[in-house]
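Have a look at the structure below before the remarks.
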Amino acid sequence: MDHASTPSRLYDYDLLVIGGGSGGIAVAKEAAGLGKRVLVLDFLPPSPKGTQWGSITSKLLQHASLLGKAIQDSQKYGWKFKGKVSHGWGELVEAVQQQVKTRCLEHQRDLRDSGVTYLNARGEITGPHTVQATDIRGSKTSHQAETLVIATGDRARYLGIPGEREHCITSDDLLSLTQSPGCTLVVVETGVGLECAGFLSGLGLKVTVMIQQSGVLKRCDHKMLQKIENHMLVHGVNFIHHYSLTKVEQMEDGASGKLTVTAESTGGLETYQDQFDTILLAVGRDACTNDIGLECVGVKFNQDTGRILVNEEERSSVEYVYAVGTVQDGRPSTTGLSIQAGRLLAHRLYGGDKTMCDYTNVPNVLFTPMEYASCGLSEERANLKFGETNIEVYHSYYWPLEWTLVPRDKNSCYAKIICLIPDRERVVGVHVMGPGAGDIIQGFTVALKCGLTKQQLDATVGLHPVSAQVLTALTVTQRTTEAMLVRGNC
């Protein structure tokens, strides 16, 4: 079907987007810019990522927690404070919510300025090329479009245990709390859980992290995750491993009543119980596709997660239905990747372009207290793909200059590159843990896509005295370090 050369007037719209996810916004704006009639149906105003928790929210909350540490550090730089510095939960929540709301309204305005028709309504596929829109008042209208794009995003998942719906919150609910969460248990299977735990701990709250036994953060580098955990542990976060939450109960009446949690160890031989003010679940997310009529036209999707099966063109099992963003099954998903996929999809459909979205070497960042960013393969995946003997890992701890006056922990920040030995030591993975790690990794993402080698990295002039220069001066291999530890020389 050549959308670029044969626009159809048999439909109300050329393109109809169900959902206001970042990928959907991108494809809608690009298609409208190419002269197409576009309708976006979203029950909530469009946002950069989700409605409650996303990259914008996590970045702002991380900054809020880091400011507390910066205030302490500032005294070494000569700043004086007359009174005691304290944190106001309500003020933070109001400011972040207002910022998210402002950005949502900006996206809505941008859509309309681009010529996109936007309706604050829920979309449901009711037949071939046909979508029913239901607004907040329950009023229904029917719309037909030549092409449909699903970009409904995802929502936080629950565990399916007694008491969780009544007494637990998810990351999406965190900013709905009118008071500080207090002593908090964070049940973690995703990076969002570590971000939440780090943020709350940075505000001075007592935080315990329970790592669920079902394969936490499978795509992340396990050694880097261990370093993140070690840093959080040193700074007061308690970690519980090899236990799974089984029950949550409220032991006292009233809003201030403590919650009692029960968890069982792997194998069920031991039981853990404790009391907390708040239980936060961060155990994964499911696509918001259960009520949009996918079955009506035969769109195939993962029955467990609701995520849609797509090919390299973002097309589903139905020729005219596409999906972008977190609703896709089996693909990495970041805000930037969703936007890129949406833009490229519009240009393939209506601009005559053939460029596919590249789902390899996608940069990722965790806004934990010690920020972690990566691009390319984890060490485990590199070893599995190429064989451990074909992989060389160069690594180093580093100490940011601004930390030397405080001083802060000397061996907290860390960087490593993963190289494929037979291919001229081509860099297949870059990992950085330290302040501004996300900003550092962005530039190296371009280099990885261009086939960066260790020799080229060594030939690059480091920018003194910034932290990123550590990546241009990596000389010690992980094999050497491990051998020294075995011999007891380190």
Side-chain angles (χ1 to χ4, degrees), residues 59 62-63 66 69-70 73 76-77 220-221 223-228 230-231 334 336 360-379 382 390-485 489-490:
K59 175 66 173 175
Q62 180 216 38
H63 186 62
L66 293 179
K69 186 66 174 176
D73 292 349
K76 287 287 186 177
Y77 282 85
C220 290
D221 188 288
K223 292 180 180 178
M224 298 301 293
L225 288 177
Q226 186 61 58
K227 293 181 185 299
I228 293 172
N230 290 343
H231 180 267
T334 66
T360 63
N361 291 332
V362 176
N364 197 21
V365 61
L366 282 182
F367 292 113
T368 41
M370 185 64 71
E371 191 170 309
Y372 165 52
S374 64
C375 182
L377 299 176
S378 66
E379 194 174 330
N390 292 317
I391 293 297
E392 193 73 88
V393 178
Y394 295 87
H395 70 148
S396 177
Y397 288 97
Y398 65 96
W399 202 15
L401 177 65
E402 56 270 27
W403 285 14
T404 59
L405 247 65
V406 181
R408 287 208 202 171
D409 308 332
K410 191 168 185 177
N411 287 327
S412 291
C413 302
Y414 179 83
K416 73 176 179 181
I417 61 171
I418 302 167
C419 301
L420 180 58
I421 298 172
D423 191 9
R424 301 176 298 116
E425 285 200 312
R426 177 169 60 88
V427 180
V428 296
V430 180
H431 300 258
V432 179
M433 190 175 80
D439 294 320
I440 294 173
I441 225 62
Q442 181 67 79
F444 285 93
T445 301
V446 179
L448 257 66
K449 285 187 175 291
C450 294
L452 176 69
T453 66
K454 179 61 165 62
Q455 184 180 13
Q456 291 172 330
L457 199 54
D458 292 340
T460 301
V461 176
L463 183 60
H464 186 73
V466 303
S467 296
Q469 68 176 326
V470 67
L471 289 166
T472 67
L474 296 174
T475 59
V476 178
T477 68
Q478 194 165 264
R479 282 192 178 92
T480 302
T481 302
E482 290 172 351
M484 294 177 66
L485 287 171
N489 294 332
C490 182

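Around CD of Gln455, the count of heavy atoms belonging to other residues, nucleotides or ligands within 6.0 Å does not exceed 12. Heavy-atom contacts from other residues, nucleotides or ligands closer than 6.0 Å to NZ of Lys449 number more than 12. Within a 6.0 Å sphere centred on CZ of Arg424, heavy atoms belonging to other residues, nucleotides or ligands number 12 at most.
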Quiz prompt | Steps toward side-chain contact (heavy atoms from CB on, under 4.5 Å) verdict (Val365, Lys59) | solution = CA-CA 10 Å; Val365 61; Lys59 175 66 173 175; over 6 Å; no

Quiz prompt | Test log, rule salt bridge (charged side-chain N to carboxylate O under 4.0 Å, His left out), inputs Lys416 and Glu379 | solution = CA-CA 10 Å; Lys416 73 176 179 181; Glu379 194 174 330; 2.6 Å; yes

Practice problem: Using the side-chain contact (heavy atoms from CB on, under 4.5 Å) rule, take Asp73 and Arg408 through it: C-alpha gap first, then chi angles, then the decisive distance, then the call. | Solution: CA-CA 9 Å; Asp73 292 349; Arg408 287 208 202 171; 2.4 Å; yes

Quiz prompt | Steps toward side-chain contact (heavy atoms from CB on, under 4.5 Å) verdict (Lys410, Trp403) | solution = CA-CA 8 Å; Lys410 191 168 185 177; Trp403 285 14; over 6 Å; no

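The main-chain N or O of Gly438 is found under 3.5 Å from a side-chain atom of Glu371 such that the two form a donor-acceptor pair. Distance alone, capped at 3.5 Å, places no donor-acceptor pair between the Trp399 side chain and the Cys413 backbone. The closest donor-acceptor contact from the side chain of Glu425 to the backbone of Thr453 lies at 3.5 Å or more, if one exists at all. Although no hydrogens or angles enter the test, the distance criterion places a donor-acceptor pair under 3.5 Å between the side chain of Asp221 and the main chain of Met224.
Going from atom OG of Ser412 over to atom OH of Tyr398 covers 10.0 Å, rounded to the nearest 0.5 Å. Remark: Leu366 CG to Leu225 CG distance equals 7.0 Å, nearest 0.5 Å. For the atom pair SG (Cys419) and CG (Asn390), the distance works out to 12.5 Å, reported to the nearest 0.5 Å. For the atom pair OH (Tyr397) and OG1 (Thr481), the distance works out to 9.0 Å, reported to the nearest 0.5 Å. A distance of 6.5 Å separates CG of Leu457 from OG1 of Thr472, quoted to the nearest 0.5 Å. Remark: Leu452 CG to Cys375 SG distance equals 10.5 Å, nearest 0.5 Å.
Considering all non-hydrogen atoms of both residues, Ala415 and Leu471 come closest at CB-CD2, 4.0 Å. Taking each heavy atom of His431 and Leu377 in turn, the nearest pair found is NE2-O, 3.0 Å. Smallest separation of non-hydrogen atoms from Leu474 and Lys454: O-NZ, 2.8 Å. Between Pro435 and Ile440 the shortest heavy-atom distance is O-CD1, 4.3 Å. Heavy atoms only, all atoms of each residue included: Ala382 and Ile418 are closest at CB-CG2, 3.8 Å. In plain terms, the two heavy atoms of Leu66 and Pro369 that are nearest each other are CD2-O, 3.6 Å.
Listed by chain and residue number, nothing satisfies the side-chain hydrogen bond (donor to acceptor under 3.5 Å, both in side chains) test with Thr404 (two or more places apart in sequence, or in another chain).
Each of His395, His231, Lys223, Lys227 was scored for a side-chain hydrogen bond (donor to acceptor under 3.5 Å, both in side chains) with Tyr414, with one residue passing: His395.
The closest side-chain heavy-atom distance from Val393 to Thr477 is not below 4.5 Å.
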